[in-house]
Protein chains: 2
Amino acid sequence: MAIKYKEIADRLEREIREGTFDQTKKLPTEEELIKKFEVSRNTIRKAVTQLVNRGYIYQVQGSGMFLREESVTDYINLGSLRGLTKDLTSKTIETKILSLHVVEADELTAKGLRCEGGTKLYYVKRLRIVDEEPFSIEISYFKKDVVPYLNEDIASNSIYSYLIDHLKLNIGFADKVINCEKIDEESAELLHIDPFDPALIIENTVCLTNGTIFELSKSIFHFQKAKILNRINFK
Amino acid sequence: MAIKYKEIADRLEREIREGTFDQTKKLPTEEELIKKFEVSRNTIRKAVTQLVNRGYIYQVQGSGMFLREESVTDYINLGSLRGLTKDLTSKTIETKILSLHVVEADELTAKGLRCEGGTKLYYVKRLRIVDEEPFSIEISYFKKDVVPYLNEDIASNSIYSYLIDHLKLNIGFADKVINCEKIDEESAELLHIDPFDPALIIENTVCLTNGTIFELSKSIFHFQKAKILNRINFK
DNA sequence: AAGTGGTCTAGACCACCGT
DNA sequence: CGGTGGTCTAGACCACTTC
């Protein structure tokens with residue numbers, strides 16, 4: 001990647017995570033960052049905006065740029081792409097493939113994916129296990145013309161790392177709908193909870209940068225183990 | 001407000017909502033917007049970035065700026081400040097004040113608000129009623145030194161409109177934690193659901209632009225009626 | 001008053017899409 | 001190829017905080 005502001009943002013993110021600024025809880029001034037990275041002010045400001053949007057810092061006019069307090073516990077991060085592995089860093093995560101094959105879109109799925117019924121899709125159902133205990137069930141449909149190949153080995157790790165790093169997909173944006181339901185019997189058994197216990201649900205519609213919907217997914221979380229964190233800026 | 005890019009963003013948002021671009025599903029090009037608003041390209045791009053972040057449009061390099069598909073109205077929007085009134089436009093919303101007075105912070109609340117125990121706070125408990133049916137219970141604590149006055153009249157409408165428009169608070173950012181619990185008996189009664197039915201919970205920590213935490217809140221939603229929508233961009 | 005972030009301009013060049 | 005967005009620069013002036 002040759003894009004300066006992204007490289008600077010990623011570098012600063014790493015430094016923040018490593019605790020480089022923990023003494024002062026403050027970032028260097030724009031002026032100092034301009035000198036350090038030898039770029040124009042706008043480029044620094046664009047990099048910094050990334051950090052603001054990622055929830056790491058906040059800016060105070062006339063005063064400086066400050067670290068936001070760390071989110072202590074292990075939360076699911078709505079804004080990140082790379083899923084549980086990146087969110088729950090202090091945990092051991094395993095993935096059990098419950099099902100993986102090519103199917104033809106039924107009417108409902110086709111409607112969600114804005115494609116014809118019968119379109120070829122990958123259907124993946126996985127059980128995520130965190131610290132030896134069942135954590136969530138993830139059911140996904142991928143358009144096969146966008147994701148031409150998938151296997152158990154890939155699906156056992158991060159599918160998104162594969163999509164981004166190997167298939168070079170340009171993932172653009174997503175709609176996420178969160179709600180809460182009484183769980184069904186089959187899922188209850190998989191998650192080791194009682195039937196009619198609640199479940200936290202995230203339904204996900206993911207698009208490429210050109211607007212094409214390529215994935216539909218539904219994640220069912222263990223209601224006692226999953227918490228979602230969302231950091232928001234108003235500007 | 002004399003800030004050009006915000007005015008342009010707000011104007012374009014209104015036009016999008018009014019259906020001005022529904023024929024083409026496409027925004028005018030940057031060039032056209034520059035001419036229309038008589039500002040520099042960077043100002044247009046900053047305005048457009050706001051619309052991207054608000055989830056209205058997506059940009060495709062070399063091609064144009066396109067409308068995202070409408071989200072059917074009835075979702076709670078995580079990113080918006082002005083609460084239910086703005087989110088559920090097609091519904092009738094009433095608010096019943098269950099409690100409103102000044103209290104002294106107990107240890108737990110003080111910890112959450114990063115203040116001393118005993119600090120004066122407004123405590124507000126409200127029942128939100130949507131289309132004649134109980135929808136959510138909202139329990140909030142506001143620091144009294146930031147919000148010096150609050151009454152039933154204000155709390156019956158949008159507290160945030162009051163904070164922004166009258167008190168001129170500069171609200172900066174928030175942490176939102178979403179999870180799912182079995183509901184307690186008292187709340188079940190208020191929401192007209194069975195004890196031990198699930199509940200969708202949003203816990204909220206809200207800060208001014210200068211980093212001061214001024215509100216802590218917990219919203220308990222009717223699990224069958226509430227859905228949260230979050231639109232995300234990866235860039 | 002000095003320091004620091006916020007807004008805005010004008011212009012150059014690059015990267016990608018569609019014809 | 002022309003059209004359109006993406007990145008980057010250099011510089012001016014404003015607004016807020018801090019002392």
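Residue numbers start from 1 in every chain, and the chains themselves are labelled A, B, ... in the order their sequence lines are given, proteins ahead of strands. Everything quoted here is computed from the prediction, not taken from an experiment. Below, each value reflects all heavy atoms present in this structure, side chains not excepted, and no hydrogens, waters or symmetry copies.
When each of B:Asp145, B:Leu216, B:Val102, B:Leu113 is paired with B:Leu121, the side-chain contact (heavy atoms from CB on, under 4.5 Å) condition holds for B:Leu113 and for no other.
Under the rule for a ring-ring contact (aromatic ring centres under 6.0 Å, His included), the partners of B:Phe66 that lie at least two apart in sequence or sit in another chain are B:Tyr58. Taking the ring-ring contact (aromatic ring centres under 6.0 Å, His included) definition, one finds that A:Tyr141 meets it with A:Tyr123, sequence neighbours left out.
Residue-to-nucleotide proximity on DNA chain D shows that, of B:Glu32 and B:Asn210, the 5′-proximal contact is made by B:Glu32.
The nearest whole Å value for the distance from the CG atom in A:Leu208 to the P atom in C:dC16 is 15 Å. Going from atom NZ of A:Lys168 over to atom C1' of C:dC16 covers 18 Å, rounded to whole Å.
Salt-bridge check for B:Asp10 with B:Arg54: passed, with a basic side-chain N closer than 4.0 Å to an acidic carboxylate O.
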With sugar-phosphate taken as primed atoms, P, OP1 and OP2 and all else as base, the protein-contact string of nucleotides 5-13 of chain D at under 4.0 Å (heavy atoms; B, S, -) is BBBBBB-B-

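In the model, B:Ser136 has no side-chain atom that pairs as donor or acceptor with a side-chain atom of B:Arg128 under 3.5 Å.
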